[in-house]
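In each ligand, atom 1 is the first atom listed, and ligand 1 is the first ligand listed. In this text the structure is predicted, and so the values were computed from the model without any measurement.
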Amino acid sequence: MMIIAGNWKMNMDRASASALVKTLSAEIKPLTAHLDMIVFPPAVLIDTAINASPSSALAVGGQDCHFNANGAHTGDISAAMLVDAGCQWVLVGHSERRSDHGETNDIVAAKAEAALSAGLKVMICVGETLAERESGKANDVVAAQVLGSLPQDLPSDRFALAYEPVWAIGTGKVASPEDVDDMHNHLRAVLIGRNPDYAAVDILYGGSVKPDNAAGLLALANVGGALVGGASLKAEDFLAIANAAPHS
Ligand code: PEP
């Protein structure tokens, strides 16, 4: 099933989070017949988001987790804590984690493994910088991120991949449908090369997805959804993006 996910990043408060989730929950029932809808609030707003969602139609995920199960890691949260809070998903390897916190592929793979062990589904993020794209290295960089960030023996029904070119995140510069098509076809081949079972894994595009560009991106053969940052903070925009998704 195609996935439309909202990454709230370090935004919102209890009142705005509750209002947004209530509006989404009231509207998404018909959409969830053909879409998985997920929001990734900041950790302290997970409880608020879950309490504001009367049905389980809207899944909630954490934006990160530690690779250890517990212990002396001040400021971090574990995958089991996310499960305990009611999360079904966790994002790992977002480019802002890779750049702000120096997360390597090995760390991302360890986090994904911890998340799987705790019972979460993982959305693993990859994407090249502008310099890497301009020097013609985007395909190689992203393939290396995928191969390095996926834990061994990762079941195909427990993860999604999100391709987010760093230069398109929060910049308003969306990748062209041609570039997204090329990269997603490449990523499909990389996934299948790793494991033939990955033929049906959703590969989401992320990077300045908005209501006016969503339909063109979501119609592409190997685009299995969208990971939306800025536009996921407004119910109207997030719903418009979900409504732009094809029904099959
Ligand atoms: C993101 O945070 O994953 C993202 C894609 O952000 P934006 O949609 O704001 O570019």
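- The residue among Gly230, Pro165, Ala168, Ala5 with a heavy atom at the shortest distance from atom 9 (O) of ligand 1 is Gly230.
- Residue Lys210 places no heavy atom under 4.0 Å from ligand 1.
- In this structure, a donor-acceptor pair under 3.5 Å is present between the side chains of Glu128 and Trp167.
- Atoms of ligand 1 lying under 4.0 Å from at least one heavy atom of Ser208, given by number and element, are 7 (P), 8 (O), 10 (O).
- Contact check on Arg98 versus Glu103 returns no salt bridge, with no Lys/Arg side-chain nitrogen under 4.0 Å from an Asp/Glu carboxylate oxygen.
- For ligand 1 and His94, the ligand atoms under 4.0 Å from any heavy atom of the residue are 1 (C), 2 (O), 3 (O).
- By the 6.0 Å contact criterion, CG on Asp153 is open, its count of non-hydrogen atoms from other residues, nucleotides or ligands being 12 or less.
- With a 4.0 Å heavy-atom cut-off, ligand 1 is reached by the backbone of Ile169 and by its side chain too.
- Interface atoms of ligand 1 facing Gly206, defined by a heavy-atom separation under 4.0 Å, are 5 (C).
- Near Gly207, with a cut-off below 4.0 Å to any heavy atom, the atoms of ligand 1 are 5 (C), 10 (O).
- The protein atom (non-hydrogen) at minimum distance from atom 2 (O) of ligand 1 is Lys9 CE, 2.5 Å.
- Among protein heavy atoms, the minimum distance from atom 3 (O) of ligand 1 is reached at Glu164 OE2, 2.6 Å.
- Within a 6.0 Å sphere centred on CG of Asn70, other residues, nucleotides and ligands contribute 12 heavy atoms or fewer.
- Note: Asp76 CG to Asn68 CG = 9.0 Å, rounded to the nearest 0.5 Å.
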Between Thr48 and Asn51, is a side chain to side chain donor-acceptor pair (under 3.5 Å) present by the stated rule, with each step listed?
CA-CA 5 Å; Thr48 304; Asn51 285 329; over 6 Å; no
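- For ligand 1, the atoms closer than 4.0 angstrom to any heavy atom of Gly170 are 7 (P), 9 (O), 10 (O).
- Annotation: the span from Asp64 atom CG to Lys111 atom NZ amounts to 3.5 Å, rounded to 0.5 Å.
- Between the CG atom in Asn105 and the OG atom in Ser149 there is a gap of 3.5 Å [rounded to 0.5 Å].
- Counting only non-hydrogen atoms, the option in Gly229, Ala231, Ala162, Gly127 that gets closest to atom 7 (P) of ligand 1 is Gly229.
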